[in-house]
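Data block below; observations after.
Both backbone and side-chain heavy atoms feed into the values below; hydrogens, waters and symmetry mates do not. The structure displayed is predicted, hence computed values, not measured ones. The first residue in the sequence is number 1, and the count goes up from there.
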Amino acid sequence: MKGTSIRTLVTLAMAAMLLVAFSGSALAAKYVIRAGYENNPGEPFDKAMQEWARLFKEATNGEGEIQLYPSSQLGSKKDLMEQMTMGAAIITLTDGAFFADYIPDFAIMMGPYLGTDYTEVIKLSESPWFAEMSAELDKKGFHILAANWLYGSRHMVTNRPVHTPADLKGLKIRVPNARIQIEAMKEMGATPTPMPLAEVYPALTTGVIDGAENPIPVLYGQKHHEPAKYLILTGHLDNVTNITIGHKYYSKLPENIQKALTETCVQAGDFMTDLILDAEQATIEKMKAEGVTVIEVDRNLFREASKVTYEKFPEWTPGLYDKLQDYLKK
């Protein structure tokens, strides 16, 4: 009996210790934030989000936690942004095109061939103009944590060869539901067809659309190259995305958590940029091996065709395009 009692006491003691340990770990994360995004597990963006979650947890000694929900598990970007304005603890990736509904000038950051490459777009995000726009965005309910996440240079996959803007005539190309990207695709010669990313693959396979545009790792990760066997290297948009949180929720966080959230987000943005640059060429080779025909085009033809896009927004501050171009020349 004595032995049994001792064993029982030891078992109860161990159970109590496990319960305390479990409770401690469960309570450790006082600030749990959900991150929702359309990208699938394994894509560069998902890997960068994993790195950010690790960095944030480490920087806060476990007090903060970012829970990841890829593949649109939390709903569409519009749904997430609405929840943000109501104070939900949610993060997502956004860009100037989505902010245009709140601050029209922001849309220009997603304009075609805005800079010579992604470094110029990041340079604009470090400008006084961008800081001013970000401050205005806070008043609208959204706070940008970092604006240095290179999502990638956007190209097209199509179901027939494209060499010039004229070859895009009659092709229905999926674009995000963002007016500036719709206008740019139209000026390049195609019929822009907005739809959520999750709907693109079935639309390609059924012939609802003839192609799609996105950074190469995204096109590959979403398997868009399977029904659309031509990769057209237009590089029409150097897509640097923003990581955004609701201002209402962010403003209630302690200063040390805000600081950790922002600093680790910037670090993860650098990580993301390196991933994208490494992944682009490797992914092209994978696509070739899977039967994709890669077409190099004269980008100047597409640049000239799309330049008129910047004249389609009378609601912008007069001279906005020239102002940003002057800044890039400094």
Side-chain angles (χ1 to χ4, degrees), residues 77 94-134 136-137 140 144 147 151-156 158 162-195 209-215 232-242 297-330:
K77 196 184 304 291
T94 50
D95 51 52
F98 290 98
F99 292 146
D101 288 342
Y102 308 94
I103 301 174
D105 283 5
F106 243 129
I108 199 169
M109 291 296 289
M110 292 296 283
Y113 302 104
L114 181 62
T116 55
D117 60 27
Y118 78 93
T119 62
E120 290 201 338
V121 179
I122 290 178
K123 182 180 178 181
L124 287 176
S125 73
E126 296 168 348
S127 68
W129 169 81
F130 192 90
E132 183 182 327
M133 294 295 100
S134 298
E136 288 298 313
L137 194 64
K140 303 292 184 180
I144 296 175
Y151 197 66
S153 182
R154 296 178 84 104
H155 305 276
M156 302 182 201
T158 57
V162 170
H163 297 275
T164 68
D167 295 332
L168 283 172
K169 187 174 181 181
L171 289 187
K172 298 185 291 294
I173 305 295
R174 180 270 173 180
V175 293
N177 191 16
R179 185 176 154 211
I180 191 164
Q181 287 171 273
I182 292 169
E183 291 290 344
M185 187 58 65
K186 189 185 300 180
E187 296 304 331
M188 282 191 283
T191 301
T193 307
M195 67 175 62
I209 56 175
D210 303 298
E213 60 84 58
N214 242 313
I232 319 301
L233 297 177
T234 51
H236 53 277
L237 173 60
D238 288 303
N239 188 176
V240 179
T241 197
N242 308 306
V297 298
D298 181 350
R299 294 186 186 182
N300 286 327
L301 296 176
F302 292 85
R303 184 190 299 272
E304 286 305 309
S306 63
K307 198 170 182 179
V308 69
T309 302
Y310 293 104
E311 300 173 13
K312 302 288 184 178
F313 296 85
E315 68 270 26
W316 287 357
T317 299
L320 179 60
Y321 177 77
D322 291 334
K323 176 182 179 178
L324 297 191
Q325 292 302 312
D326 287 343
Y327 180 81
L328 290 177
K329 291 171 186 174
K330 290 180 182 176

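Closest approach of Pro192 and Ala190 over heavy atoms only: CD-O, 3.3 Å. Considering every non-hydrogen atom in both Gly111 and Ile180, the closest pair reads CA-CD1, 3.6 Å. Taking every heavy atom of both residues into account, Ser306 and Met188 meet most closely at CB-CG, 3.8 Å. Nearest heavy-atom pair, Gly115 versus Arg303, reported as atom, atom and distance to 0.1 Å: O-NH1, 4.2 Å. The two residues Ser153 and Gly235 come nearest to each other via the heavy atoms OG-CA, 3.5 Å.
Cation-pi geometry between Lys307 and Tyr113 is not met at under 6.0 angstrom from the ring centre and within 45 degrees of the axis.
Between Ile209 and Ile173 there is no side-chain heavy-atom pair separated by less than 4.5 Å. Taking the side chain as every heavy atom from C-beta outward, Leu237 and Tyr118 never approach each other to under 4.5 Å. In this structure the side chain of Pro194 reaches within 4.5 angstrom of the side chain of Ile182, judged on heavy atoms. Annotation: side chain of Asn242 is in contact with side chain of Thr94 (closest heavy-atom distance under 4.5 Å). Using a 4.5 Å heavy-atom threshold, the side chains of Thr234 and Arg299 count as separate. At least one side-chain heavy atom of His236 sits under 4.5 Å from a side-chain heavy atom of Met156. In this structure the side chain of Asp326 never reaches within 4.5 angstrom of the side chain of Lys323, judged on heavy atoms.
How far CZ of Phe313 is from CG of Leu320: 11.0 Å, rounded to the nearest 0.5 Å. The structure places OG1 of Thr193 at 10.5 Å from CZ of Arg174, a figure rounded to the nearest 0.5 Å. Here the straight-line distance linking atom CZ of Phe302 with atom OG1 of Thr164 works out to 6.0 Å at 0.5 Å rounding. With rounding to the nearest 0.5 angstrom, the NZ atom of Lys123 is 8.5 Å from the OG1 atom of Thr119. Summarising the geometry, atom CG belonging to Leu137 is positioned 5.0 Å from atom CZ belonging to Phe99; distances are rounded to the nearest 0.5 Å. The distance from atom CD of Gln181 to atom CZ of Phe98, rounded to the nearest 0.5 Å, is 7.0 Å.
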May I have the step-by-step check of salt bridge (Lys or Arg N to Asp or Glu O under 4.0 Å) for Glu315 and Arg179, ending in yes or no? CA-CA 13 Å; Glu315 68 270 26; Arg179 185 176 154 211; 2.6 Å; yes
Output, in order, the C-alpha distance, side-chain angles, deciding distance and verdict of side-chain contact (heavy atoms from CB on, under 4.5 Å) for Tyr151 and Val240. CA-CA 5 Å; Tyr151 197 66; Val240 179; over 6 Å; no
How far apart are the C-alpha atoms of Leu114 and Asp238, what are their side-chain angles, what is the distance that settles it, and do they pass the side-chain contact (heavy atoms from CB on, under 4.5 Å) test? CA-CA 8 Å; Leu114 181 62; Asp238 288 303; over 6 Å; no
Evaluate the side-chain contact (heavy atoms from CB on, under 4.5 Å) criterion for residues Lys186 and Thr309: first the C-alpha distance (whole Å), next the side-chain angles of each, then the deciding distance (0.1 Å), finally the verdict. CA-CA 9 Å; Lys186 189 185 300 180; Thr309 302; over 6 Å; no
Verify side-chain contact (heavy atoms from CB on, under 4.5 Å) between Val297 and Ile232, making sure each step is shown before the conclusion. CA-CA 7 Å; Val297 298; Ile232 319 301; 3.7 Å; yes
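Listed for the Glu132 side chain is no donor-acceptor partner under 3.5 Å among the backbone atoms of Pro128. Counting only distance, with no hydrogens or angles, the side chain of Trp129 and the backbone of Leu324 share no donor-acceptor pair below 3.5 Å.
Ring geometry for Phe106 against Phe130 counts as perpendicular: the plane angle is over 60°, on a 0 to 90° scale with 30° as the lower cut.
A donor-acceptor pair shorter than 3.5 Å cannot be found between the side chains of Glu213 and His155. Under the 3.5 Å distance criterion, with hydrogens and angles disregarded, a donor-acceptor pair is assigned to the side chains of Thr317 and Asp105.
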